[in-house]
Amino acid sequence: MLLKTAKESDFIAQDSAAFYDGIAPGYDAMTNFRKRFVQEKPFFNLLVQKYGIRTALDAGAGTGFHSLLLAQLGVQVASVDVSQEMLKRVKSHAREMHLEIKTFSADFKNVDKEVPGTFDAVISMGNSLAHVLSHEELRTVFRNFMLKLNTGGILFLQMLNYEKILAERKIIQSVKEAGDTIFVRYYEFHHGLLNFNILALERKNGVIEHALHTTLLRPVVKDEVLSALADAGFAKMKIAGSISMDEFQPMKSKDLVVLAQRE
Ligand SMILES: C[S@@+](CC[C@H](N)C(=O)[O-])C[C@H]1O[C@@H](n2cnc3c(N)ncnc32)[C@H](O)[C@@H]1O
């Protein structure tokens, strides 16, 4: 079953763990899990080849799409996430695909303590960093990511381009139909923070059931990301507008992608 019936508590912003535990059952359908493999594999293949990546930490792994993709490319992967329900799905996908992935239940703030070892790459994809709700915490998170990297290792980040989102102030971000469910992702704009809502509408026995999940996001923009990375000790940084590393255009690009290297 994709949905829980809406309760009053569903309308109060949840922390990241509760929010993702709630949307985990429908996450793969909503994000087109299968199609993403076809779309994103070539870029990750290039990244793995170019930087000689043999080990990687997937921070904010979700249901494990990037972890699985990297494992398919021969990389030893550790997935970390704050949501137990998401990590369950990483494990079941890995079993089904005959891939080995280590999973760690931890907050970005604690990866330095909770995840052993260092890696050739740390990746944080799919806007996971927007869940970090202050500048100080963002610096701590980047510092932790730095501590998890081998010398010469890369940090690869994909966020939404909030410069564009904040300028346009579109409330409805996307409407997606998957099977019997329609997912509406929408924002409520506040000063400094956003309410991120996912409304799922499911037709069942002729009745439409709904569930609403809400969490807070901090819309971090390019200059802040770069300054927090610099504070964390990253020197070499490249910016792009997508994972294909095309030019970042503040009012056009959908994503903000950053590739930084530990010297
Ligand atoms: C939008 S999903 C992206 C998942 C995946 N990277 C993808 O691209 O499909 C964000 C993920 O980050 C996790 N997350 C959010 N805040 C976190 C935190 N502070 N520490 C660890 N994981 C976090 C959530 O539980 C969720 O699985």
Side-chain angles (χ1 to χ4, degrees), residues 13-37 39-41 43-44 47 56-71 77-94 101 103-115 121-145 148 155-160 162 165 173-174 176 178 183 185 187 193-194 196-198 213-220 228 242-243 254-257:
Q14 299 164 296
D15 65 22
S16 301
F19 176 79
Y20 282 100
D21 280 352
I23 66 167
Y27 189 82
D28 286 344
M30 185 179 72
T31 56
N32 249 331
F33 185 77
R34 303 274 159 217
K35 201 167 153 201
R36 280 175 97 192
F37 273 93
Q39 287 170 337
E40 297 194 25
K41 197 165 189 173
F43 304 113
F44 279 89
L47 201 71
L57 175 67
D58 184 4
T63 57
F65 163 70
H66 296 96
S67 299
L68 297 156
L69 195 155
L70 286 169
V77 183
S79 305
V80 65
D81 204 285
V82 79
S83 157
Q84 298 284 355
E85 288 299 320
M86 289 302 219
L87 287 176
K88 271 191 207 163
R89 284 157 178 87
V90 178
K91 290 180 203 162
S92 64
H93 283 312
I101 290 175
T103 57
F104 297 89
S105 166
D107 193 291
F108 300 143
K109 283 180 295 201
N110 304 319
V111 283
D112 55 329
K113 297 180 266 308
E114 303 281 344
V115 182
V122 173
I123 66 165
S124 188
M125 312 302 292
N127 208 36
S128 305
L129 289 170
H131 294 282
V132 176
L133 296 180
S134 75
H135 182 71
E136 291 64 39
E137 202 181 308
L138 190 64
R139 282 165 50 172
T140 306
V141 168
F142 286 158
R143 185 74 201 149
N144 283 344
F145 289 171
K148 288 286 106 194
L155 175 64
F156 193 48
L157 308 174
Q158 179 197 33
M159 286 150 277
L160 288 173
Y162 281 108
I165 290 169
Q173 293 295 310
S174 68
K176 165 96 202 288
F183 297 96
R185 288 191 253 197
Y187 284 147
L193 296 176
L194 297 173
F196 174 44
N197 303 285
I198 299 183
H213 296 278
T214 302
T215 196
L216 275 178
L217 296 182
R218 183 162 179 271
V220 65
S242 75
I243 58 164
K254 181 171 164 285
D255 290 343
L256 168 65
V257 169

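Order of appearance sets the numbers: ligands from 1, and atoms from 1 within every ligand.
Atom-to-atom distance recorded for F65:CZ and L70:CG is 9.0 Å, nearest 0.5 angstrom. L133 contributes atom CG, which lies 8.0 Å from atom CG of L217 (distance to the nearest 0.5 angstrom).
Of the polar atoms of F65, none of the N or O atoms is found under 3.5 Å from an N or O of ligand 1, judged by distance alone. For ligand 1, the polar-atom distance check against V82 finds a nitrogen or oxygen pair separated by under 3.5 Å. At under 3.5 Å, a nitrogen or oxygen of R36, whether backbone or side chain, sits near a nitrogen or oxygen of ligand 1. Not a single N or O atom of M86, backbone or side chain, sits closer than 3.5 Å to an N or O atom of ligand 1. When only interatomic distances are considered, the shortest N/O to N/O separation between D58 and ligand 1 does not fall below 3.5 Å. Checking only distances, D107 does come within under 3.5 Å of ligand 1, N or O to N or O.
Across the listed options G126, S105, S128, G126 owns the non-hydrogen atom lying nearest to atom 1 (C) of ligand 1.
Shown here for D58 and S67, the closest heavy-atom pair between the two residues is OD2-OG, 2.6 Å.
Set against the non-hydrogen atoms of A106, the atoms of ligand 1 under 4.0 Å away are 20 (N), 21 (C). Listed by atom number, the atoms of ligand 1 under 4.0 Å from S16 heavy atoms are 15 (C), 16 (N). Using a 4.0 Å cut-off to heavy atoms of H131, the atoms of ligand 1 that qualify are 15 (C), 16 (N). Short contacts between ligand 1 and S83, defined as distances under 4.0 Å to a heavy atom of the residue, involve ligand atoms 25 (O). Interface of H66 with ligand 1, defined as ligand atoms under 4.0 Å from a residue heavy atom, comprises 8 (O). The ligand atoms of ligand 1 that sit less than 4.0 angstrom from a heavy atom of G62 are 4 (C), 27 (O).
Contact check for Y162 versus L194: side-chain heavy atoms found under the 4.5 Å cut-off.
Ring geometry for H213 versus F19: interplanar angle over 60°, hence perpendicular rather than tilted (30 to 60°). By the 30° and 60° cut-offs, the orientation of the rings of F145 relative to F142 is tilted.
Neither the backbone nor the side chain of A17 has any atom closer than 4.0 Å to an atom of ligand 1 (non-hydrogen atoms only). Contacts between A61 and ligand 1 below 4.0 angstrom, taking non-hydrogen atoms only, involve the backbone exclusively. When non-hydrogen atoms are compared, ligand 1 lies under 4.0 Å from neither the backbone nor the side chain of Q158.
At least one donor-acceptor pair under 3.5 Å links the side chain of K148 to the backbone N or O of V115. Side-chain N or O atoms of D21 include none that pairs as donor or acceptor with a backbone N or O of S83 at under 3.5 Å.
Screening R89, H93, R36, R34 against D28 for a side chain to side chain donor-acceptor pair (under 3.5 Å) leaves a single residue, H93. The only member of D255, V220, L129 that meets side chain to side chain contact (heavy atoms under 4.5 Å, CB included) when paired with L160 is D255.
Annotation: atom 3 (C) of ligand 1 to nearest protein heavy atom, Y27 OH, 3.3 Å. Considering only non-hydrogen protein atoms, atom 6 (N) of ligand 1 sits nearest to G60 O, 2.7 Å. Looking from atom 17 (C) of ligand 1 to the surrounding protein, the closest heavy atom is F108 CE1, 3.5 Å.
No more than 12 heavy atoms of other residues, nucleotides or ligands shown are found within 6.0 angstrom of NZ on K109. Atom NZ of K113 sits in a crowded spot, with more than 12 heavy atoms from other residues, nucleotides or ligands closer than 6.0 Å.
At least one heavy atom of D81 sits less than 4.0 Å from an atom of ligand 1. Residue contacts with ligand 1 leave out A24, since none of its heavy atoms falls under 4.0 Å from the ligand.
For H66 and F156, the ring centers are positioned 6.0 Å apart or more.
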